[in-house]
Amino acid sequence: MSILSRDFYVRDPLAVARDLIGKQLVSTIHGKRVAGIINETEAYDGEQDLACHARSGKTQRNAVMYGTGGVAYVYFTYGMHWMFNCVAREKDHPAAVLVRAIKPTEGIDIIRSIREPIKPSHWCDGPAKLTRSLGITGEHNGSDLCSDTSPILIEDKLKIPDNLVQATPRIGINYTPEPWKSMPWRFIADLS
DNA sequence: TCTTCGATTGTCT
DNA sequence: GACAATCGAAGAA
């Protein structure tokens, strides 16, 4: 299985978000692989995108978004949840792709032990759920996703045809003004 | 199945 | 001091 290269990430985040659908997100917990296929993403692009964390310029929290693509941007929100993003574009061009949902493929027993008693269909169907299932926390912020020694990385997996991918407005950005609020920068595919 | 609502704290104004 | 790229329990239907 091949790991996605830096070139994959150093592009328009819209293209990265679309192409990430069908890829496999892999985490290592206690030396074992825990993985799932990405089926929902959202793109955030630059300081002009008022839904993006970089809208107010560079801060301590969003600093890794200003680096080169192919790095993990993990942040904490709502007082209890971690979110996992892939940094996109080249250095000094803040952009990222939020991974919102995955379909578990490997390490099912580990996920079950973490997520019990929740039903399997709801283990990884939200951005904070997948980070909990894969053990992703702020410690992973800034991790390189292009190295086979990284605790989190993304592998090439399925090729999803365009007719199975839908684009819709992004979720959870109710206070963001138009036109950003309605930009169809969320990508989903039904991989059931 | 759908809707409402409480939880809980880092970050920026 | 306000709000957040949310979750999951509980209650209604």
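Letters A, B, ... are given to chains in the order of the sequence lines, protein chains preceding strands, and every chain is numbered from 1. None of the values given here were measured: they were computed from a predicted structure.
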Check: Quick one: are A:H53 and A:Y73 in side-chain contact, heavy atoms under 4.5 Å?
Finding: yes
Note to self: For a quick check of understanding: with a heavy-atom distance under 4.0 Å over all strands, which category does A:L98 fall into, base, sugar-phosphate or nothing?
What the structure shows: base
Item checked: Base C:dA5 to side chain A:H53, donor-acceptor N/O within 3.5 Å cut-off -> yes
Next item on the list: Could you say whether A:R132 or A:Y175 is positioned toward the 5' end of DNA chain C, judged by the nucleotide with the nearest heavy atom to each?
Entry: A:Y175
Notebook entry, point to check: Looking across every strand, which nucleic acid part, if any, lies under 4.0 Å from A:Y44 by heavy atom: base, sugar-phosphate, or nothing?
Noted result: base
Check: Of all the choices, C:dG8, C:dT6, B:dC12, which nucleotide is nearest to the side chain of A:T59 once you look at every atom?
Finding: B:dC12
Check: Rounded to the Å, how far apart are A:E40 CD and C:dA5 P?
Finding: 16 Å
Note to self: From CG of A:N85 over to P of C:dT6, roughly how many Å is that when rounded to an integer?
What the structure shows: 11 Å
Notebook entry, point to check: If you look at every strand shown and take non-hydrogen atoms under 4.0 Å, does A:M80 touch a base, only sugar-phosphate, or nothing?
Noted result: base
Next item on the list: Classify the nucleic acid contact of A:A51 as base, sugar-phosphate or nothing, counting any heavy atom under 4.0 Å across all strands shown.
Entry: base
Item checked: Side chain of A:F76 - closest among B:dT9, C:dC7, B:dT13 -> B:dT9
Check: To the side chain of A:R61, which of C:dC7, B:dC12, C:dT6 is closest?
Finding: B:dC12
Margin query: Please report the distance, rounded to the nearest Å, between CG in A:L50 and P in B:dT13.
Written below: 13 Å
Notebook entry, point to check: Would the number of heavy atoms belonging to other residues, nucleotides or ligands and lying under 6.0 Å from CD of A:E139 be above 12?
Noted result: no
Item checked: Options C:dT6, C:dC3, C:dG8, nucleotide nearest the side-chain atoms of A:M83 -> C:dT6
Checklist line | Side chain to side chain, A:Y44 and A:I173, heavy atoms closer than 4.5 Å | finding: yes
Checklist line | Counterpart base for C:dT6, defined by Watson-Crick or G-U wobble contacts under 3.5 Å | finding: B:dA7
Checklist line | Side-chain donor/acceptor of A:Y75 to base of C:dA5, under 3.5 Å | finding: yes
Next item on the list: Starting at atom CG of A:L130, determine the distance to atom C1' of C:dC7, rounded to an integer number of angstrom.
Entry: 13 Å
Notebook entry, point to check: With sugar-phosphate meaning primed atoms plus P, OP1 and OP2, does A:R186 contact a base, only sugar-phosphate, or nothing at under 4.0 Å between heavy atoms?
Noted result: nothing
Check: Using a cut-off of less than 4.0 Å, is there contact between a side-chain N or O of A:R100 and OP1 or OP2 of C:dT6?
Finding: yes
Note to self: Rounding to an integer number of Å, can you tell me how far A:W185 CH2 sits from C:dA5 P?
What the structure shows: 16 Å
Notebook entry, point to check: Whole-Å distance between C:dA4 P and A:I173 CD1?
Noted result: 11 Å
Note to self: Below the 4.0 Å mark, does C:dG8 have OP1 or OP2 next to a side-chain nitrogen or oxygen of A:K129?
What the structure shows: yes
Notebook entry, point to check: Does a salt bridge link A:K23 with A:D19, judged by any charged N lying under 4.0 Å from a carboxylate O?
Noted result: no
Checklist line | Side chain proximity check, A:F187 to A:L14, heavy atoms < 4.5 angstrom | finding: yes
Item checked: Sugar-phosphate, base or nothing in reach of A:T176, heavy atoms under 4.0 Å -> nothing
Checklist line | Interatomic distance where CD1 belongs to A:I114 and P belongs to C:dG8 [whole Å] | finding: 13 Å
Check: Base, sugar-phosphate, or nothing for A:G172, non-hydrogen atoms under 4.0 angstrom?
Finding: sugar-phosphate
Notebook entry, point to check: Within 45 degrees of the axis of the six-membered ring of A:F8 and under 6.0 Å from its centre: does A:R11 put its NZ or CZ there?
Noted result: yes
Check: Between atom CD1 in A:I188 and atom P in C:dA5, what is the gap in whole Å?
Finding: 20 Å
Check: Within the structure, does a side-chain N or O atom of A:T77 lie under 4.0 Å from either OP1 or OP2 of B:dG10?
Finding: no
